[in-house]
Asker: 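First the structure, which I've put down as structure tokens, then a few questions once you've had a look.
These numbers were taken from a predicted model, which means no experiment stands behind them. Indexing begins at 1, ligand by ligand and atom by atom, following the structure's order. Sequence positions, counted from 1, serve as the residue numbers for this chain. Side chains are part of it too, since the values below use all heavy atoms of this structure and drop only hydrogens, waters and symmetry mates.
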Amino acid sequence: MSVAPPLSLTVCLPQGAEEWAASLNLRLAGQVEASAWRAGDPPADLAVLWKPPPAFFNEQTRLRVAFAAGAGVDGLLALRPPPGLPLIRLEDAGMGVQMAEYVLHALLRWYRQFDRYAAQAQRAEWRPQPPLPKVEWTVGLLGCGVLAHPTVRALQGLGFPVQAWARRPREGGDLPVFTGDEGLNALLASSRVVVAVLPLTPDTQGLLQAERLARMPAGSYFINIARGGLVDETALLDALDRGHLAGAALDVCATEPSGPEHPFWRHPRVQLTPHIAGATLRDEALDQIAEKIRCWLRGEPISGRVSLEAGY
Ligand code: GLV
């Protein structure tokens, strides 16, 4: 009886592809043979990839399935992978908890007035401020997929009112979920802090433009842990300059990396971080991708399949 040779798997990542390939070979010994992608390599059967160069899909013409090493696949889809190629995205794999930490850090800094205390400390001024009423700090999440769940649980655990908006109607359990254009306007108008945790798709590109930002209450806050393209940056800066928005914690920009001249760096109401809110954690991601590959090899359905129509 002849034994089928292992399938070939190419790993194309901005860094660490050799280590990922070695780890996949350990996890999937005898089933796949993984190696780091190099330009001109022969076509492989499977791919694990993130930010591949544009030549990748032109050269890799025999792929049967591709696994993204991240959650948001807008960048990959922009490279126009072959329409029939099943593309599977990473689901959570430790990103959701990191994103919850990021949101809590920003929210608690504002709600517990830590900037004010830092300014007082500069003056060696011991002056307790009256606590702010938590009921006035409703957090509205744009998006309530798997990546948002740890944030919802953490906020609810601390007693913050939480609500969410989803493009399509969905059951949110004890979480009020708004939907559609009207629902978006209602959520924006009734949230003290708006958190973007949505995929970037043709439908969500520029979702938060001037008119929508104007619906947020005066003195509200914005956190973006998803994609810069969700918001019109000029309109956001204008809302911050006017003080209509009291602050923004931004982990993403429309163009990344954002250059030193980007006004977000120096804006007194903005805290900008370099796209680190939900990093891909190597071991968690490798475990999840290896499990998805095992499912695929057994011919079973795999969760996280990207819909080209929906764009995520
Ligand atoms: C990070 O931004 C990701 O999409 O995984």
Asker: Do any nitrogen or oxygen atoms of T280 come within less than 3.5 Å of a nitrogen or oxygen of ligand 1?
Answerer: no
Asker: Ignoring hydrogens and geometry beyond distance, is a side-chain donor-acceptor pair present between T204 and Y312 at under 3.5 Å?
Answerer: no
Asker: When you measure from the side chain of Q288 to the backbone of E91, do you find a donor-acceptor pair of N or O atoms at a distance under 3.5 Å?
Answerer: yes
Asker: W110 vs Y221 aromatic rings, parallel, tilted or perpendicular, using cut-offs 30° and 60°?
Answerer: parallel
Asker: Any sub-3.5 Å donor-acceptor pair from S307's side-chain atoms to A310's backbone N or O?
Answerer: yes
Asker: Tell me whether ligand 1 is touched by M95 - counting only heavy atoms on the residue side and a distance under 4.0 Å.
Answerer: yes
Asker: Does the N or O separation between G72 and ligand 1 drop below 3.5 Å for any pair?
Answerer: yes
Asker: For ligand 1, indicate whether the residue W50 contacts it via side chain, backbone, both or neither (heavy-atom separation under 4.0 Å).
Answerer: side chain
Asker: Side chains of H267 and D241: is there a donor and an acceptor less than 3.5 Å apart?
Answerer: yes
Asker: Identify, by atom number and element, the atoms of ligand 1 in contact range of G70, meaning under 4.0 Å from any of its heavy atoms.
Answerer: 5 (O)
Asker: Identify, by atom number and element, the atoms of ligand 1 in contact range of H275, meaning under 4.0 Å from any of its heavy atoms.
Answerer: 1 (C), 2 (O)
Asker: Which atoms of ligand 1 have any heavy atom of A71 under 4.0 Å away?
Answerer: 3 (C), 4 (O), 5 (O)
Asker: Report yes or no: do S190 and Q163 form a side-chain donor-acceptor pair below 3.5 Å?
Answerer: yes
